[in-house]
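Here the structure is laid out as structure tokens; the discussion comes afterwards.
Start at 1 and go down the list; that is how both ligands and their atoms are numbered. Values below: every heavy atom of this structure, side chains too, minus hydrogens, waters and symmetry copies.
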Amino acid sequence: MTSYCRDGFTFVPIINAELITTDLHKAAEALKQNNIIALPTETVYGLAGNAFEPEAIEKIFSLKKRPFYNPLIVHIKSAEYMTHIAKDIPEIAFRVAMEFWPGPLTLVLNKKSIVPDIITAGKDTVAVRMPNHPVTLELLNSLDFPLAAPSANPFGSISPTTAAHVARYFGEDLEVVLDGGECLKGIESTIIGFEGEQAVLYRLGSISAEDLEHVVGKLKHHTSDDSAPAAPGMLSRHYAPSTETFLTQDVNEMVLSHPDKKIGLLLFQENSISQNVAHTEVLSKEGDLNEAARNLYAAMHRLDHLNLDIIIAEKLPEEELGKSINDRLKRAVKK
Ligand code: TXA
Ligand code: MG
């Protein structure tokens, strides 16, 4: 008999009824066998494997259909553990880790040789973070290795913020999806690197640039293009629904210019448009950017499963987490 799990207002068929679990022992055993599991973090769900075992890491790349030039983030159990996998760590990196860990901040540091090259795509730097989710912290504390984990979505598609999203993507390929509820932050970690004691922003994320700058001073912005992305989350098309998506400041006008389409709206605050619209998602009625970030991917998943002709997304204010959300929406739109 097929089981179903709830995903917003839709139900997802689960091929393996025991797939979604809270059994940490089962998760740890799978990881020790070099198998891949899905786990919750405060940002998005990850596809995790033993960071010290190239065989496990290869499985992550093949499951995600991720090109090998895209390095992975290593998830660690404590700030002190940073020194096991990274060297020449600048003083500012310790300071920022003390301030934001456990939490949605990833640090790019010089790697030690214990980190397999496949994780770092041959780079001499490694991305590291201590996630802030009780389930995953407990799991990390039960293991004697750190976990490499990219977001648990096929390369380029919408990131997952519930166990059901992961089951929908990878239900047939995984044996364990650790359930930690809905991700409280909802968009990926902010990534920074260092040039000496100068912090360099690689990817906008769940910690706003403004909050970081209170601790590290003025951030330098890393510039890159698609031929040499600093971080592939920076590829111009990423986080993308399969439904054609538009981003605009003037939703009304965009709706009027698509009279014959079945339209879904992704709005920041109140919904004032209902004519000619099949479905509307509002990210935060109160206009709270944290709430909007938390709801973003789940709303995109729902819209993408409604057989719409197009999705029209409203641009958020270019401040604090609004910048990070706009960054994701821009990449969702680009062809
Ligand atoms: O919130 C998150 O960061 C989630 C959760 C699961 O922790 N993970 C995540 O992983 O977003 P992923 O693989 O989807 O994105 C990791 C980003 C990629 O854009 C990758 O290029 C960048 O981190 N990255 C990894 N190692 C790097 C390095 N050595 N230098 C620059 N960027 C790096
Ligand atoms: Mg990702």
Is the ring pair His165/His301 parallel, tilted or perpendicular, if the boundaries are 30 and 60 degrees? parallel
Can you list the steps and then say if Arg328 with Leu296 is a side-chain contact (heavy atoms from CB on, under 4.5 Å)? CA-CA 9 Å; Arg328 301 302 189 269; Leu296 177 69; 4.2 Å; yes
Would you please say whether a donor-acceptor pair under 3.5 Å links the side chains of Ser324 and Arg203? no
Could you list the atoms of ligand 1 found under 4.0 angstrom from a heavy atom of Ala127? 25 (C), 26 (N), 27 (C)
In this structure, does ligand 1 have an atom that sits under 4.0 Å from one of the heavy atoms of Arg66? yes
Atom indices of ligand 1 within 4.0 angstrom of Thr43 heavy atoms, with elements: 1 (O), 2 (C), 4 (C), 5 (C)
Report yes if the side chains of Phe100 and Val215 come closer than 4.5 Å at any heavy-atom pair, otherwise no. yes
side-chain hydrogen bond (donor to acceptor under 3.5 Å, both in side chains) with Asn326: which of Glu318, Glu319, Lys315? Glu318
For residues Thr161 and Arg294, is any side-chain donor paired with an opposing acceptor at under 3.5 Å? no
Within less than 4.0 angstrom of ligand 1, does Val108 place any heavy atom? yes
Modelled atom types, side-chain donor and acceptor of Asp304 and Thr243, under 3.5 Å: yes
For residues Thr106 and Ser189, is any side-chain donor paired with an opposing acceptor at under 3.5 Å? yes
Ser151 and Glu188: side-chain donor and acceptor closer than 3.5 Å? no
Under 4.0 Å to a heavy atom of Pro150 - the qualifying atoms of ligand 1, by number: 10 (O), 12 (P), 13 (O)
Can you tell which part of Thr125 has a heavy atom less than 4.0 Å from ligand 1: side chain, backbone, both or neither? both
Looking at ligand 1, does Arg129 have a heavy atom less than 4.0 Å from it? yes
Side chains of Phe268 and Leu289, heavy atoms from C-beta outward: is any pair under 4.5 Å? yes
Note: Ile191, heavy atoms under 4.0 Å from ligand 1, region reported as side chain
Looking only at distances, can you tell me whether any N or O atom of Thr41, backbone or side chain, sits closer than 3.5 Å to an N or O atom of ligand 1? no
Polar contacts were defined as any N/O atom of the residue lying under 3.5 Å from an N/O atom of the ligand; does this apply to Thr106 and ligand 1? no
Ligand 1-proximal atoms of Glu188, by part, heavy-atom distance under 4.0 Å: both
Pull out every atom of ligand 1 sitting under 4.0 Å from any heavy atom of Arg203, numbered as shown with elements. 2 (C), 3 (O), 9 (C), 11 (O), 15 (O), 16 (C), 17 (C)
Any nitrogen or oxygen of Ser189 lying under 3.5 Å from a nitrogen or oxygen in ligand 1? Just yes or no. yes
Under 4.0 Å between a Lys/Arg side-chain N and an Asp/Glu carboxylate O for Lys285 and Glu270? no
Proximity to ligand 1 by part of His133, non-hydrogen separation under 4.0 Å: neither
Proximal ligand 1 atoms for Ile73, defined as those under 4.0 Å from one of its heavy atoms: 3 (O), 8 (N), 9 (C), 10 (O), 16 (C), 23 (O)
Using a distance-only test with no angle check, is there a side-chain donor-acceptor pair under 3.5 angstrom linking Lys59 and Asn35? yes
Metal proximity, Asn153 vs the Mg ion (ligand 2), N/O/S cut-off 2.8 Å: no
Out of Gly205, Ser151, Pro160, the nearest non-hydrogen contact to atom 10 (O) of ligand 1 is supplied by Ser151
Against ligand 1, does Asn70 come closer than 4.0 Å with any heavy atom? no
Please confirm whether His75 comes within less than 3.5 Å of ligand 1 when only nitrogen or oxygen atoms on both sides are compared. yes
